[in-house]
There are 2 protein chains.
Amino acid sequence: MSTELGERNRSILEAIIEEHIATAEPVGSRTVAKRHKLGLSPATIRNVMADLEEFGFLQSPHTSAGRVPTEKGYRFYVDSLLQVRKLNSAERKQLESRYQLRGRKVEEVLRDVSKTLSSISHYTGLVMAPRLETTVFRHIEFVPLSEGRVLVVFVTRSGLVQNKIIETRVPVSRRELEQISNYLNRTLAGLSIQQVKEKIFAEMQEEKARYDRLMSRTLELSREALKENLGGEVFIEGTSNILDQPEFANVETMRGLFRAFEQKSTLIDLLNRSQQADGVQIFIGSEPGITGIQGCSLITCHYASKRGTIGALGVIGPSRMNYSSVIPVVDYTARLLSQVLDGDLD
Amino acid sequence: MSTELGERNRSILEAIIEEHIATAEPVGSRTVAKRHKLGLSPATIRNVMADLEEFGFLQSPHTSAGRVPTEKGYRFYVDSLLQVRKLNSAERKQLESRYQLRGRKVEEVLRDVSKTLSSISHYTGLVMAPRLETTVFRHIEFVPLSEGRVLVVFVTRSGLVQNKIIETRVPVSRRELEQISNYLNRTLAGLSIQQVKEKIFAEMQEEKARYDRLMSRTLELSREALKENLGGEVFIEGTSNILDQPEFANVETMRGLFRAFEQKSTLIDLLNRSQQADGVQIFIGSEPGITGIQGCSLITCHYASKRGTIGALGVIGPSRMNYSSVIPVVDYTARLLSQVLDGDLD
DNA sequence: CGCTGGCACTCGAAGCCTGAGAGTGCTAAC
DNA sequence: GTTAGCACTCTCAGGCTTCGAGTGCCAGCG
């Protein structure tokens with residue numbers, strides 16, 4: 001029943017929501033009648049609005065103030081009414097031009113992506129670091145730092161670089177490290193990290209590791225090196241864009257939001273969830289299980305190599321957000337980043 | 001003349017400023033008389049306050065609202081009245097305990113320092129990345145990534161690790177890279193980066209570089225590698241602490257501040273300036289040449305190795321800030337970080 | 001002569017009222 | 001089913017009043 005809206009009601013709802021998105025003000029019947037020439041009088045529209053309010057798609061802040069979409073209203077809008085604009089080729093070019101990635105560090109690239117998202121959308125950009133699982137391994141190197149500490153450098157097939165410091169239980173000599181990396185590079189290049197892990201695990205099972213000291217070192221080291229890396233780190237850029245949105249003129253709301261930005265855990269949670277599903281996902285305000293972003297919506301998309309999900313990115317802004325222009329940007333950005341990580345883009 | 005304040009006037013000014021710092025409200029004569037038992041009646045204090053207002057240390061928001069310190073008032077307070085509390089040993093221990101640094105990446109450490117500053121002060125922490133000039137070099141390593149790209153890994157004497165990617169004009173073979181790093185490590189270990197640069201420059205002047213291909217590669221590569229690294233990057237943490245300060249209840253003010261945080265250039269400018277001077281420095285509101293942090297004060301201190309200035313850190317908060325407790329924290333943190341970079345702390 | 005109590009004065013904040021304007025809901029007519 | 005008309009409601013802005021905090025000044029006191 002609740003989705004049983006007639007064609008006319010739907011288009012009035014759409015008009016109201018779009019009007020509200022454009023103006024941030026409650027929308028009255030007069031305005032709808034005038035600006036969206038539906039050939040109906042304000043009175044008729046009032047009737048429809050009353051119905052829509054009963055359905056729970058609209059609400060009035062007070063008796064004489066026009067209507068504002070509810071979260072349910074936005075939900076219906078994005079699910080059933082919204083026409084997502086495709087990017088034209090100029091816009092796609094513009095996005096693509098920002099990704100000159102070869103030989104850059106993963107962090108830099110992700111921060112950049114986040115900045116790009118925020119500056120194009122005028123909201124706030126989020127990028128969650130990939131678990132590298134499905135990235136394709138090209139090269140690994142170990143640099144001895146001090147007793148028991150080794151810097152591991154990965155290069156992915158697409159030329160992205162990531163490095164981290166690991167601790168080894170016993171000191172490993174420079175010579176051993178060289179042998180180890182030679183071995184790994186010979187046997188593992190071209191596999192995804194996931195496959196590498198499996199292979200290592202398999203070899204650890206085999207007897208020979210027990211007797212071959214070098215081999216056991218190799219396995220220990222690479223297991224350590226492949227443990228979760230940037231896992232779950234989130235890059236947030238453009239937070240101050242949010243300050244321009246009239247709905248956050250109230251300090252209390254803003255405080256909550258900035259807390260969320262700084263703590264990141266809510267965002268990580270949402271981004272993680274978006275990895276489960278396919279394509280662009282939209283979280284609205286305080287829908288079930290979402291807290292801490294009242295009045296906001298989050299548009300996310302996972303990015304992934306051909307072999308599986310690895311991370312998520314998105315844009316957060318007020319619920320009264322320009323969905324139709326942000327969605328394709330998020331979508332296309334995720335595609336680009338996927339390709340980059342796959343190494344297909346060079 | 002303007003500094004010719006009698007002892008009594010000074011202590012009344014001090015009382016007023018401290019009262020204002022504690023309450024964030026304009027301070028009236030009654031309050032001062034009551035809470036700071038100076039043995040004077042409100043009427044007398046009123047007279048003094050009128051004088052202080054004439055001097056420009058105080059101002060009244062309006063006729064019947066008590067007085068508020070001006071920037072000049074704060075300036076006089078921090079320069080002449082403020083008693084800086086020393087940290088007790090427990091507090092020093094607490095700070096020290098946060099610096100377990102060996103083998104960590106420079107960025108991580110700096111971000112941590114910034115977080116610590118913000119969480120202890122309850123304001124916002126800033127740390128500007130060091131120019132590595134005066135850090136003592138222990139070890140350098142080159143990892144070939146792809147044609148013409150090399151990852152450089154530095155280790156400082158204190159065990160901090162930093163790495164960056166550089167481009168070489170011509171491809172350099174793995175073997176050459178090894179020779180180059182061997183050479184550098186042999187000849188340069190224990191020198192400061194500044195000295196290393198000088199040495200390299202000197203060698204470039206010498207004739208032999210022209211004829212020795214390997215040598216010229218070495219020099220080119222190390223020059224590239226030693227170019228400004230994190231130079232000028234600023235780590236800002238705890239921005240949302242600012243939101244709790246009542247003076248930023250007004251959105252307009254806050255917006256300006258967050259813009260400044262996101263753009264960073266004002267902050268970089270101030271932090272740079274603080275490197276010129278010795279010890280803790282305090283920038284107040286919109287004193288000459290300072291823009292973009294109206295209503296805020298910045299407490300900074302450079303940190304340095306034994307050989308010279310290399311970076312700066314600090315805390316930014318409202319002008320009505322608890323100077324006496326933040327100053328020693330900034331000061332001691334800078335000392336700690338200096339020691340760490342010198343490598344004296346392990 | 002410096003300090004103090006007293007007192008008139010000022011000014012903002014809060015509360016109240018009012019009028020204007022926007023928007024609704026209902027009803028009766030087309 | 002749609003519309004015009006109309007009474008009704010509610011917010012917002014402005015003006016007015018009251019209240020209280022705090023001042024500035026003055027006269028008197030030690």
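Scope of the values below: all heavy atoms of this structure, side chains included, with no hydrogens, waters or symmetry mates. In what follows, every chain begins at residue 1, and chains take the letters A, B, ... in the order their sequences are listed.
Salt bridge annotation for A/Lys34-A/Glu19: absent, with no cationic side-chain nitrogen under 4.0 angstrom from a carboxylate oxygen. Ion pairing between B/Arg259 and A/Asp244 holds under the 4.0 Å rule for side-chain N and carboxylate O.
Closest of all the heavy-atom pairs between A/Ala15 and A/Val32 is CB-CG1, 4.1 Å.
Rounded to whole angstrom, the span from the CD atom of A/Gln59 across to the P atom of D/dC10 amounts to 16 Å. Rounded to whole angstrom, the span from the CD1 atom of B/Ile45 across to the P atom of C/dG2 amounts to 17 Å. Residue B/Leu40 contributes atom CG, which lies 14 Å from atom P of C/dG2 at whole-angstrom precision. The interatomic distance linking A/His62 (NE2) with C/dG23 (C1') rounds to 9 Å, in whole Å. Summarising the geometry, the separation between CD on B/Glu25 and P on C/dA13 is reported as 11 Å, rounded to the nearest angstrom. What separates CG of A/Leu58 from P of C/dG25 is a distance of 11 Å, to the nearest Å. Rounding to whole angstrom units, CG of residue A/Asp51 and P of D/dG1 are separated by 12 Å.
Listed for the A/Lys72 side chain is a donor-acceptor partner under 3.5 Å among the backbone atoms of A/Phe55. A donor-acceptor pair under 3.5 Å is absent between the side-chain atoms of B/Tyr123 and the main chain of B/Ser119, judged by distance alone.
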Given protein heavy atoms under 4.0 Å, the one-letter contact record of nucleotides 19-30 of chain D, with B base, S sugar-phosphate only and - none, is simply -BBSBBB-----
Would B/Phe258 and B/Phe261 count as a ring-ring contact (aromatic ring centres under 6.0 Å, His included) if you check the C-alpha gap in whole Å, the side-chain angles of each, and the deciding distance to 0.1 Å?
CA-CA 5 Å; B/Phe258 275 86; B/Phe261 285 153; 5.6 Å; yes
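The shortest distance between side-chain heavy atoms of A/Ile284 and A/Val78 falls below 4.5 Å. Here the side chains of A/Phe76 and A/Leu81 are in contact, with some heavy-atom distance below 4.5 Å.
Heavy-atom distances under 4.0 Å link DNA chain D to no residue of residues 16-24 of chain B.
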